[in-house]
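Here's the structure we're looking at; comments come further down.
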Amino acid sequence: MDRGDVGELVLSAADGDAAAWKALVDGLGPLVWSVVRAHGLSDADAHEVYQTAWFRFAQHLGRIREPEKAGSWLASTARHECLKLLRAARRWTPTDDPQLLDRVSEDRTPEESVLDSEEAAAQTERVRRLWQEFEELGERCRQLLRVLIASPPPSYQEVSAALGIAVGSIGPTRQRCLRRLRARLEARGTT
């Protein structure tokens with residue numbers, strides 16, 4: 001294609017002329033393919049780079065300063081996309097080693113890390129609110145619940161001796177205290 005024709009076609013395509021766009025693809029497509037094929041990519045990668053080069057061209061169509069040099073722009077873009085793909089491919093080494101293939105990845109994606117940190121922050125806030133509401137319970141409930149959450153948990157006989165509560169009323173008192181705590185948390189919207 002003549003440079004002058006290319007320049008006119010680029011300007012027309014930038015104005016929305018579909019026929020001009022088709023003429024550009026038909027006229028400059030072989031050039032883009034020759035650059036892509038020169039890099040020895042697989043068919044799938046070559047098609048991807050070809051499409052990406054045209055996509056980038058379409059993105060910048062209205063901003064190309066020298067429309068008559070669109071062929072050079074496309075060839076350069078195709079070359080950069082090929083090199084980018086080849087660099088990325090070097091980071092990955094194909095293998096058929098079953099031990100490597102069966103290994104679970106220990107790497108966390110950025111998204112998983114963010115979700116984990118958000119979940120941890122939310123859990124920390126729930127625990128903080130729980131203890132805040134716990135401190136608002138009566139002294140008897142706080143004492144009983146603290147003793148019962150000890151590790152290892154004491155027997156009801158030990159709780160009875162330590163707090164002066166009848167063995168038969170430890171369970172019902174514990175339930176009432178936990179209901180009060182749950183009600184306080186629900187009132188605050190922290191369940």
Side-chain angles (χ1 to χ4, degrees), residues 36 39-60 62-63 77-191:
V36 171
H39 286 85
L41 301 175
S42 69
D43 283 344
D45 288 343
H47 280 88
E48 181 180 336
V49 168
Y50 180 82
Q51 292 296 324
T52 302
W54 282 104
F55 177 71
R56 300 265 185 260
F57 183 67
Q59 283 181 313
H60 294 90
R63 296 183 296 222
T77 301
R79 181 177 168 276
H80 288 293
E81 291 298 325
C82 286
L83 295 175
K84 186 164 80 173
L85 191 120
L86 289 169
R87 275 192 304 273
R90 278 194 298 251
R91 291 185 207 135
W92 299 98
T93 305
T95 184
D96 60 355
D97 182 355
Q99 288 181 329
L100 288 176
L101 293 173
D102 290 341
R103 192 181 78 190
V104 175
S105 174
E106 296 164 6
D107 297 335
R108 310 278 301 145
T109 65
E111 294 83 5
E112 289 172 327
S113 296
V114 167
L115 289 174
D116 288 347
S117 68
E118 287 176 354
E119 188 175 307
Q123 178 64 19
T124 300
E125 180 60 19
R126 283 191 298 271
V127 169
R128 186 191 67 76
R129 287 183 181 166
L130 171 71
W131 284 108
Q132 183 180 13
E133 294 304 322
F134 179 84
E135 290 302 321
E136 299 296 320
L137 292 174
E139 181 66 27
R140 183 176 170 138
C141 279
R142 287 196 314 260
Q143 284 179 337
L144 177 63
L145 292 175
R146 276 195 179 108
V147 169
L148 290 173
I149 64 172
S151 181
S155 69
Y156 274 23
Q157 287 77 21
E158 293 170 319
V159 173
S160 174
L163 300 178
I165 300 174
V167 171
S169 53
I170 293 173
T173 305
R174 176 179 152 250
Q175 287 178 334
R176 281 193 301 277
C177 292
L178 289 174
R179 272 197 302 270
R180 276 192 221 131
L181 180 58
R182 185 176 296 118
R184 294 184 67 82
L185 291 169
E186 286 173 354
R188 293 259 207 159
T190 312
T191 54

I'd like a table of donor-acceptor pairs (distance under 3.5 Å, sequence neighbours excluded) in which one partner is a side-chain atom from residues 170-179, with atom names and distances.
residue	atom	partner	partner atom	Å
T173	OG1	S169	O	2.6
T173	OG1	R176	NH2	3.2

What side-chain donor-acceptor pairs closer than 3.5 Å can you find for residues 117-124, not counting sequence neighbours?
residue	atom	partner	partner atom	Å
S117	OG	S113	O	3.4
S117	OG	V114	O	2.9
Q123	OE1	R126	NE	3.3
Q123	OE1	R126	NH2	2.6
T124	OG1	A120	O	2.9

| message | Please determine whether side chain to side chain contact (heavy atoms under 4.5 Å, CB included) holds for the pair F57 and T77, giving the CA-CA distance in whole Å, both sets of side-chain angles, and the decisive distance to 0.1 Å. | response | CA-CA 8 Å; F57 183 67; T77 301; over 6 Å; no

| Stepwise side chain to side chain contact (heavy atoms under 4.5 Å, CB included) test for T52 and L85 | CA-CA 11 Å; T52 302; L85 191 120; over 6 Å; no

| task | List the steps, then state whether salt bridge (Lys or Arg N to Asp or Glu O under 4.0 Å) holds for E125 with R129. | result | CA-CA 6 Å; E125 180 60 19; R129 287 183 181 166; 2.9 Å; yes

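Of all heavy-atom pairs between S160 and V167, the closest is CB-CG2, 3.7 Å. Between F134 and L181, the closest heavy-atom pair is N-CD1, 3.7 Å. Annotation for C82 and V36: closest pair SG-CA, 3.8 Å, computed over non-hydrogen atoms.
Among residue pairs with one or both ends in residues 143-168, those qualifying as salt bridge (Lys or Arg N to Asp or Glu O under 4.0 Å) are E135-R146; sequence neighbours excluded. Counting only residues at least two apart or on different chains, the salt bridge (Lys or Arg N to Asp or Glu O under 4.0 Å) pairs with a member in residues 42-57 are R37-D43, R56-E81.
For Y156, there are no side-chain hydrogen bond (donor to acceptor under 3.5 Å, both in side chains) partners, not counting sequence neighbours. With sequence neighbours left out, Q51 forms a side-chain hydrogen bond (donor to acceptor under 3.5 Å, both in side chains) with no residue at all.
The number of heavy atoms from other shown groups lying within 6.0 Å of CZ (R140) does not exceed 12. Atom CZ of R79 sits in a sparse spot, with 12 or fewer heavy atoms from other residues, nucleotides or ligands closer than 6.0 Å.
Between L148 and P153, every side-chain heavy-atom pair lies at or beyond the 4.5 Å cut-off.
Rounded to the nearest 0.5 angstrom, R184 CZ and E136 CD are separated by 5.0 Å.
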